Amino acid sequence: MTIAEVLAWKPSVIDSLAEYLYDKRTIVVRLQDEINDAKPPESWVAPARVDALKAYEDKRRLLNDLAAQLSDLALAAKEASNETEGAQKDLHAVLDQASREDYEVNHQTGEVKPPDLEPSGDPMRPSPQLEEDQRLHEKALAEQQVRKAELVDLIEKALKRAETADVGLAKSMADVANNETRGGSGSLQEASASQLPPSLDGMTPQEIAEKFGNEIAIDTMLAQLEIGVPIYKAINLDFGGEAQYSVMQNGDVKMSLKTAVGLGLGEDSKGVEGKLGAGAFTEYEITFKSQEEAEKFLDGLDDAAINGLLGGQGARQAAVLAYINEHDVTSAKVGVYGKGEIGFETPYADGGSSGRAEGWYDGKKNGGEFGIKVEASLNANVAAGDSGVKSGGSMDFSGEVKTDGQGTPKELTLKGAVTGEMANSKFGLNLPGVGAGGGGDVELKMDSDNVMWHEMNEALGKGDMSRATEIAMDHGSVVVRATSVTTNDQDISSIEGGVERTSSQHTWMRPPNTNEFVSFDPDNTRPAADNSAARR
C-alpha cells in the first residue's frame, strides 16, 4: 500500500463503525435474562420436550455466535481505527521532517530523493584543496544516503502498521462472513469477552504477557523525600514529597515523584488554574532503564536543590524542575482536592467515604488528560477449606479514572490488597505462604479499547463503583502479586525517614478478556506458563 492511500483513509469512519458494533453487541448481551427465562421448564413433561430443548439450545448457540461475531468485529474495527490513526501520525511526522530537510518523498512509490548538493569544487583549484573538497563532497553524499535510509525505514514502518491493521480487520470480517467466529456454549457475556483484538489473536499467553511487560511491577520501593540540609542553622531546604519506583517485568524502572511543593510544569499558570482551580501537588512519572539509573537520579535531587539555594525558594524550585526535565519525563501532573475545583464534573468524582476526590491534569498527554481518584469495594463468598462452607469476603480498592479534556472516561485502574481465599475464589490462584509481613496485592486495569468498556462506562456514569470493579475483575487486565514488605530507616541517596520495599515472591498476569494467567518468577523476568491457574 502507498503513502497516498494510507493518508486518504478515514479512521474516524472506522471508529464510528466500531461504536455501532459495540452498541449492537450490548443489546445482544443484555438478552441473557430472556434466554434463561425461555428455557423449557423442568416441570414440562411431554413428547415434544426433547425437540423443544434442542431447538432452544440451537437458538441459544446462534445468539452466542452473534455476540462473539459482533465483539470480534467491534474489537478489530477499534484497533484498526487506532492503528490507522497512529500510522497516519507517523507518516505526517516523517514527511514533515523530510520536508524540513529538503528531501522529496513520492507519495505513490515511497521513493525518497535527497536534496541536490553543490559541485565538489572548482577543478582549477590546487590539487590538495580539490582533494579536500572531493572528500567533503563524498562525506556529504554518504550522510545523505544514511539519512535517506532512515527516512525510508520510518515510512516503511508506518505503512506496515497500517497494513497490519487493514489485514486484521479484513480477517475478522472474513471469519464472521464464513461463520468461523463462534461463541461456544457458555453465557452471552462469556461469548462476547472471549474475543481478542487482531494484534493478540494467535499469541500464546507467554507472548501476550511479554507484550504487557512494561505494565507488570516486580519490585517496588516507596520512600519519603526530606531534602532538609541545614546550612549555618539558618537556611534549610524544604523540598519534600515521596518517590516510588517499580522494577517492571521488561526491565524498565518507572518512578513516580510526588512533591508537596507545586513546581511549575511549563504550562501557563492561568491556563492550569482555569482547568483545575488550584495546584496542590505535582507528580512526575520518569522512566529509567535500570534501578541504578533511578537511584542515581535521586542522588542528584538534593544537589540540584543546593545549586539553587542562593536564589531563594523560586530559584531552588526552578533548579529542581530543570534537573527533573533532563530525564525521560513521560507524565507531569498538577492536582487539586475536591470536586468543586475541577473543570468538569462526573457522578463518580466525589466517591469515597470522605466525599472528597483528588483530581489532576496532565499537560504532557495529547490534548491534556484528567484523572479522578476513586474508591471501590468488591464482596464475594469464599469457600473455607475442604468443608465447602462459604463465608463473606471483600476487597477494598483505590485507584483512578482517567478522562479526556471533555470529562469522558477512557481508563480505569484499581489497586488493592488480596487475601489467599479471595485470590483463589476470583482467579483460581493459590498464593504461596509468605510468612511474617507477607501478603498480596492486585491491580485491575481497563481502557476504552476493551470489549466491555461500554458496560464499564455505564457503571462509572452511575457512580456504581462496585459494578465497575466486578467488570474490571472479570474482563480487565489483572496483575496479582504475592508480596513481602520490609521497612528500614536507612538513608538512600537524598531519602531520609524510612524506606518501604515491597518484594514480589510470585507474580501472575492475565491479559484483558482472557481466562489464563501467566506466572512470573521474580528472579527471572521471562514468563512461564502457570499450571496452577484455573480457567473461569
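No experiment lies behind these values; they were computed from the predicted model shown. Along the sequence shown, residues are numbered consecutively beginning with 1.
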Could you please spell out the steps behind the side chain to side chain contact (heavy atoms under 4.5 Å, CB included) verdict for Leu7 and His92? CA-CA 9 Å; Leu7 293 180; His92 281 301; 3.7 Å; yes

Are [X] and [Y] packed together at the side-chain level, in the sense that at least one heavy-atom pair is separated by less than 4.5 angstrom?
{"X": "Thr220", "Y": "Arg481", "value": "yes"}
{"X": "Leu460", "Y": "Met465", "value": "yes"}
{"X": "Leu188", "Y": "Asn64", "value": "yes"}
{"X": "Leu63", "Y": "Val28", "value": "yes"}
{"X": "Trp9", "Y": "Ile14", "value": "no"}
{"X": "Lys289", "Y": "Asp252", "value": "yes"}
{"X": "Gln88", "Y": "Val6", "value": "yes"}

At what distance, to the nearest 0.5 angstrom, does [atom1] of [X] lie from [atom2] of [Y]?
{"X": "Arg30", "Y": "Ile35", "atom1": "CZ", "atom2": "CD1", "answer": "15.5 Å"}
{"X": "Phe397", "Y": "Thr469", "atom1": "CZ", "atom2": "OG1", "answer": "6.0 Å"}
{"X": "Leu17", "Y": "Leu169", "atom1": "CG", "atom2": "CG", "answer": "7.5 Å"}
{"X": "Ser192", "Y": "Leu75", "atom1": "OG", "atom2": "CG", "answer": "8.0 Å"}
{"X": "Met446", "Y": "Asn457", "atom1": "CE", "atom2": "CG", "answer": "10.0 Å"}
{"X": "Lys24", "Y": "Leu66", "atom1": "NZ", "atom2": "CG", "answer": "11.0 Å"}

Check: [Y] main-chain N/O paired with [X] side-chain donor or acceptor under 3.5 Å:
{"X": "Asp72", "Y": "Thr181", "value": "no"}
{"X": "Ser172", "Y": "Gly168", "value": "no"}
{"X": "Gln189", "Y": "Gln32", "value": "no"}
{"X": "Gln195", "Y": "Gln69", "value": "no"}
{"X": "Arg510", "Y": "Gly476", "value": "yes"}
{"X": "Ser81", "Y": "Pro11", "value": "yes"}
{"X": "Asp441", "Y": "Ala417", "value": "no"}

Of all heavy-atom pairs between [X] and [Y], which one has the smallest distance, and what is that distance?
{"X": "Ala472", "Y": "Met456", "answer": "N-CE, 3.8 Å"}
{"X": "Glu79", "Y": "Pro198", "answer": "OE1-CD, 3.2 Å"}
{"X": "Arg182", "Y": "Asp65", "answer": "NE-OD2, 3.1 Å"}
{"X": "Glu411", "Y": "Thr413", "answer": "OE2-OG1, 3.6 Å"}
{"X": "Gly183", "Y": "Ala68", "answer": "CA-CB, 3.7 Å"}
{"X": "Phe288", "Y": "Met255", "answer": "CE1-CB, 3.8 Å"}

If the threshold is 4.0 Å, N to carboxylate O, is there a salt bridge linking Asp90 and Arg161?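 Here Asp90 pairs with Arg161 in a salt bridge, since their nearest N and O are under 4.0 Å apart.
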
Any Lys/Arg nitrogen of Arg25 or Glu455 sitting under 4.0 Å from an Asp/Glu carboxylate oxygen of the other?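 Salt bridge flag = yes for Glu455 with Arg25.
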
Do Thr164 and Glu83 pair up side chain to side chain, a donor and an acceptor below 3.5 Å, judged on atom types alone?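 Distance-only check fails for Thr164 and Glu83.
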
Walk me through it: do Met473 and Val478 pass the test side chain to side chain contact (heavy atoms under 4.5 Å, CB included)? CA-CA 7 Å; Met473 186 80 78; Val478 181; 5.7 Å; no

For Glu19, side-chain contact (heavy atoms from CB on, under 4.5 Å) partners two or more places apart: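 By the side-chain contact (heavy atoms from CB on, under 4.5 Å) rule, Glu19 matches Asp15, Tyr22, Lys78, His454.
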
